[in-house]
Amino acid sequence: MNLEETIYKRQSIRNYKEEPLNDDEIGELRNYIDTLKVLNENICWSYEIVSKDNIKTILPWRAPHYLLLYSEEKENYLENIGFIFQQVDLFLQSKSLGSCWLGMASPKNFENEDSKQKFIITISFGKTDEGYRKINEFKRNDLKQISDKVDERLIPAQLAPSATNSQPWYFTHNNDGSYNVYRKKQNILRRRFTEKWNKIDIGISLAHLYITNTETFKFYIRDDAEQLRNYFYEGSFEM
Ligand SMILES: Cc1cc2nc3c(=O)[nH]c(=O)nc-3n(C[C@H](O)[C@H](O)[C@H](O)COP(=O)(O)O)c2cc1C
């Protein structure tokens with residue numbers, strides 16, 4: 001299955017076989033990561049593939065492999081990490097492997113070589129017996145709740161995964177055919193916990209729009225974008 005088809009079938013997997021991927025399969029993943037599109041060229045990022053022995057988590061299940069994601073902390077680095085590694089989530093799931101973004105897991109006995117890059121988030125992955133999902137099994141907000149106009153071109157973003165399925169994205173249409181993307185303002189209590197993850201979520205939803213429009217997708221931040229009362233402006237894009 002290709003990455004675009006995977007958008008309509010993927011699901012977070014929390015049930016893995018113990019059997020690890022072989023060296024060729026891990027090599028193929030590394031080669032794919034070398035080709036990824038980024039949202040912001042200006043930010044250094046890196047990743048490491050580790051086993052469960054290098055993971056600290058209160059979650060009751062384990063996977064054979066984990067991606068630890070690192071980045072410089074500048075500009076829209078959280079959105080950038082979401083954008084880059086959602087392509088990896090789709091790549092893994094397109095090969096019938098399981099994967100899950102994990103806010104609730106951090107590195108144990110592991111130091112990144114570049115001390116300027118900070119640990120951001122983890123993704124679990126590995127073989128699984130769980131299959132794909134049908135489109136009517138996605139629990140998502142309606143298109144009219146996530147945009148100023150019902151627009152089927154936004155369905156890939158609508159189906160994107162997000163922390164606690166919070167779906168913090170909102171899209172508006174500009175007269176020149178471009179779009180703005182906004183992030184929901186959460187109340188102050190909730191924001192303390194969700195702000196970091198919700199920025200990653202925005203990048204994840206943009207990755208789905210990139211994968212469905214690889215030739216035309218262009219992201220930029222405007223100085224003159226309209227501000228909306230209950231949302232933070234995150235950027236604009238063409239597709
Ligand atoms: C940034 C982020 C952090 C997440 N953290 C966790 C986590 O710590 N534990 C977990 O079980 N799922 C986690 N998830 C998975 C979400 O719960 C899941 O994506 C969401 O409920 C939608 O379900 P789906 O991915 O199957 O479409 C996370 C997802 C994202 C995007």
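Owing to the predicted nature of the structure, the values given are computational and were not obtained by experimental measurement. Order of appearance sets the numbers: ligands from 1, and atoms from 1 within every ligand.
- Comment: E28 engages K95 in a salt bridge, judged by a side-chain N to carboxylate O separation of less than 4.0 angstrom.
- Atom numbering of ligand 1 starts at 1 in the shown order; those under 4.0 Å from a heavy atom of I204 are 31 (C).
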Could you walk me through whether D142 and K144 pass the salt bridge (charged side-chain N to carboxylate O under 4.0 Å, His left out) check?
-> CA-CA 5 Å; D142 292 340; K144 61 177 185 296; 3.5 Å; yes
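- Of all protein heavy atoms, the one lying nearest to atom 22 (C) of ligand 1 is N165 OD1, 3.6 Å.
- Taking the ring axis of Y66 as reference, the NZ or CZ atom of K52 does not stay both within 45° of it and closer than 6.0 Å to the ring centre.
- The shortest non-hydrogen separation linking R190 to T164 is NH2-OG1, 4.3 Å.
- The shortest N or O to N or O distance between M104 and ligand 1 is below 3.5 Å.
- By the ring pair (Phe, Tyr, Trp, His ring centres under 6.0 Å) test, F138 pairs with no residue at all, sequence neighbours left out.
- For atom 27 (O) of ligand 1, the closest heavy atom belonging to the protein is R140 NH2, 2.6 Å.
- Between G103 and ligand 1, at least one N/O pair is under 3.5 Å apart.
- Atom 13 (C) of ligand 1 has W101 O, 3.1 Å as its closest protein atom, hydrogens excluded (heavy atom only).
- At a 4.0 Å heavy-atom cut-off, ligand 1 does not touch A105 at all.
- Counting only heavy atoms of the protein, atom 16 (C) of ligand 1 lies nearest to S162 O, 3.4 Å.
- The distance criterion of under 3.5 Å between nitrogen or oxygen atoms is not met by W61 with respect to ligand 1.
- Residue R10 places a heavy atom under 4.0 Å from ligand 1.
- Ligand 1 has no atom lying under 4.0 Å from any heavy atom of L159.
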Would K218 and E238 satisfy salt bridge (charged side-chain N to carboxylate O under 4.0 Å, His left out), going step by step from the backbone distance to the final call?
-> CA-CA 5 Å; K218 235 192 292 172; E238 290 163 21; 3.6 Å; yes
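- The Q11 neighbourhood of ligand 1 comprises atoms 26 (O), with distances under 4.0 Å to a heavy atom of that residue.
- Scanning the protein heavy atoms around atom 15 (C) of ligand 1, the nearest turns out to be R14 NH2, 3.5 Å.
- Checked by distance only, ligand 1 and D201 stay at 3.5 Å or farther apart across all their nitrogen or oxygen atoms.
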Apply side-chain contact (heavy atoms from CB on, under 4.5 Å) to I43 and N76, showing your working.
-> CA-CA 9 Å; I43 304 173; N76 52 353; 3.8 Å; yes
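- The ring pair (Phe, Tyr, Trp, His ring centres under 6.0 Å) pairs that include a residue from residues 26-56 are Y32-F91, W45-F85, where partners are two or more places apart or lie in different chains.
- In this structure, E226 CD and N180 CG are separated by 7.5 Å, a value rounded to the nearest 0.5 Å.
- At the shortest separation from atom 26 (O) of ligand 1 among protein heavy atoms lies S12 N, 2.9 Å.
- Of the N and O atoms on the side chains of Q167 and S162, not one donor lies less than 3.5 Å from an acceptor on the other residue.
- On a distance-only criterion, R133 and ligand 1 share at least one N/O pair closer than 3.5 Å.
- Nearest to atom 9 (N) of ligand 1 among the protein's heavy atoms is L102 CD2, 3.6 Å.
- Below 4.0 Å from some heavy atom of I121 lie the following atoms of ligand 1, by number and element: 1 (C).
- Close placement of the F237 and Y179 rings is indicated, their centers lying within 6.0 Å of each other.
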